[in-house]
Amino acid sequence: MGSGFFTDTDADSDAGPTPAVVSVILVVVILGFSFEPGVVLPCPAAVPMVLLQLAICLPSARRLRGAWTLAAQVLLTPWSGLPGFLAASVLLVVERPVRWPLFTIVVLAAGPLAPGDASVHSILNRIGNALAHGLIIYALTRLTDLYAELRTTRGALAQARVTAERERAGRDLDAVLGTALAEIIRLAGQGTRAAGEIVKVARAATERVRAAPPRQSADGADVPSGVLAPRLVWPIVVATHLEYLVVGTAFLLGAGLRGWWFVAYAAALAAVVALQAYHCLPRPPGVCPPYVAWTLGVQLALSLGMLAAPDGPYPQLVGFAAASVLIVLPGRTAWPAAGALTVLVAIAMLLRTGGPGARGTALLLMDIVVIALVFYGLALLTGLVRRVREAHGALAALAVARERRRIARDVHDLLGYGLSAIALKGELAVRDPDRERADTHLADAAMLADRALADLRAIPGESQKITLAEEVASAREVLAAAGVVLQVRGEADEVDGMWEALFATVLREAVTNVLRHAAGARRCEVDFGPGLLRVADDGCTVPRPSGEPGGRAGTGGNGLRNLRERAAALGGVLEAGPTPHGRGFVLTVRLESAPVSTVG
């Protein structure tokens, strides 16, 4: 749609006209439908009928919608002359599957039961009006409902997709890493003869953990059942256009036109309505219909030509052109242009010799405004149904993508350390000639595998809580087993609680890097300060088989990327790189809101 109400926003925004604008359109259309042709004021029974219809349709009064409002409208319909209102209320209030059969009965009964003459033309005209009014009011009401449904269901939809993704991720993780950890626990029970196999399994599992996260699955987003389906929207749009075409043709016949004049006017009417349907086709935001300059120009020429034609038999065609202007032009020019068209009709009617006069012109203008808003609203409906469905899918996909990244990050951060420690314990068991110490290393490997397995099965839930004090103690133990002395300056207990999980994760990643990549490391220093953690070692970086640094470069590795994301989320900065003297590696995270410290 080209209307200025539409804006290009991200998936978290509700693109489209504001709910207030849609509600105003709905109110104007309902009020316009309540006036009989040629009558300045509606009949007294129409007033409560209109009020009931507003209560049923407007979002602010929707809680009043129910059986009592429908029953009151049933009683008022014979005297109000507004069967289309009852038809719309049936669609809005009655549940499936009797909704549409009852709607059909109300529409058909509008012909013979409504007051007026019993001619075939009058009966068909009343049936057509009831059909069009019912469908239009129903469609525009559902348009207002779409906004509320998008806001209320998107969170539930995203959560449902996230839950499904967690279940899938849990199955995948258990199948890949859970099996490996269970195998490590089994092998640890076999003694030192299985130590080499433990190292092999732990190394393979570590590579899986540190690999890039898998692509998001291509499963589609389910759309809540409350969202109006396109297969229901299009019959409403088509039926409304056809009804106006039929009513317009009957009007031309009723005006006494025959012969070539009738053919010319009927062809103009058909062309204007067909072009209106073309302009209503849903399109991406900001995209105008192909050849719109020609189609809109032809529609304007035909509808305005009626004003200059003999007797000006159908000036209401300008309402269709005004609707197209609202649809295809930007909002800042669309509304003034539509208003100018309406003013042009008023001038033409008032200046016409033998014209309808001031009273008749006012009624014509009201009819034109209603037609313009009806078809503008229908165009909004066709576009918004599609865009709401796309928005639901985009929101769910975004939530799933975030959850997949979170799971992949937690797998890396929580399991990479444990698997590296298991591999280290297995290597120590292989190398240690003392059988008792080797068995102790294997028991430690089994304990670490047990802990990693518990972490693995908890990961698909919410993000895991790890404490800094536990990480310091664990780092000291694991590094000592690898022959690395850990020196800690500052107090871990004094770190602010909002930063504790980040610092614990950074420390775990730093220790993992020492175990995997720091050849010959003998010392690791950990410094805590206000909003600061610094971890430095004196090892040499171990290159990968390809010759590239093994995850310790300033920009390399998923681990450092994960940590930068975590730090940035808390307004912090993470820096990583070799020490100034060229031997060793330093990992520093600083919360920018914290005071500058001179630690290290």
Check: [Y] main-chain N/O paired with [X] side-chain donor or acceptor under 3.5 Å:
X    : Y    : value
D538 : R522 : yes
E500 : L468 : yes
S474 : E470 : no

Measuring from [X]:[atom1] to [Y]:[atom2], what's the distance to the nearest 0.5 Å?
X    : Y    : atom1 : atom2 : value
L563 : E509 : CG    : CD    : 5.0 Å
D537 : L479 : CG    : CG    : 9.0 Å
L574 : E565 : CG    : CD    : 11.5 Å
F375 : I327 : CZ    : CD1   : 9.5 Å

- request: Could you give me the CA-CA distance, side-chain angles and deciding distance for C524 and V485, then say whether side chain to side chain contact (heavy atoms under 4.5 Å, CB included) is met?
  value: CA-CA 6 Å; C524 180; V485 176; over 6 Å; no
Any [X] side-chain heavy atom under 4.5 Å of [Y] side chain:
X    : Y    : result
L533 : V526 : yes
V586 : P578 : no
T141 : L26  : yes
T579 : F585 : no
P290 : Y278 : yes
L532 : V589 : no
V488 : R476 : yes
R534 : L587 : no

- request: Could you list the residues that satisfy ring pair (Phe, Tyr, Trp, His ring centres under 6.0 Å) with F503, not counting sequence neighbours?
  value: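 Checked F503 against ring pair (Phe, Tyr, Trp, His ring centres under 6.0 Å); zero matches.
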message: List the residues meeting side chain to side chain contact (heavy atoms under 4.5 Å, CB included) with A337, not counting sequence neighbours, and say none if there are none.
response: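 Side chain to side chain contact (heavy atoms under 4.5 Å, CB included) list for A337, sorted by chain: V325, L329.
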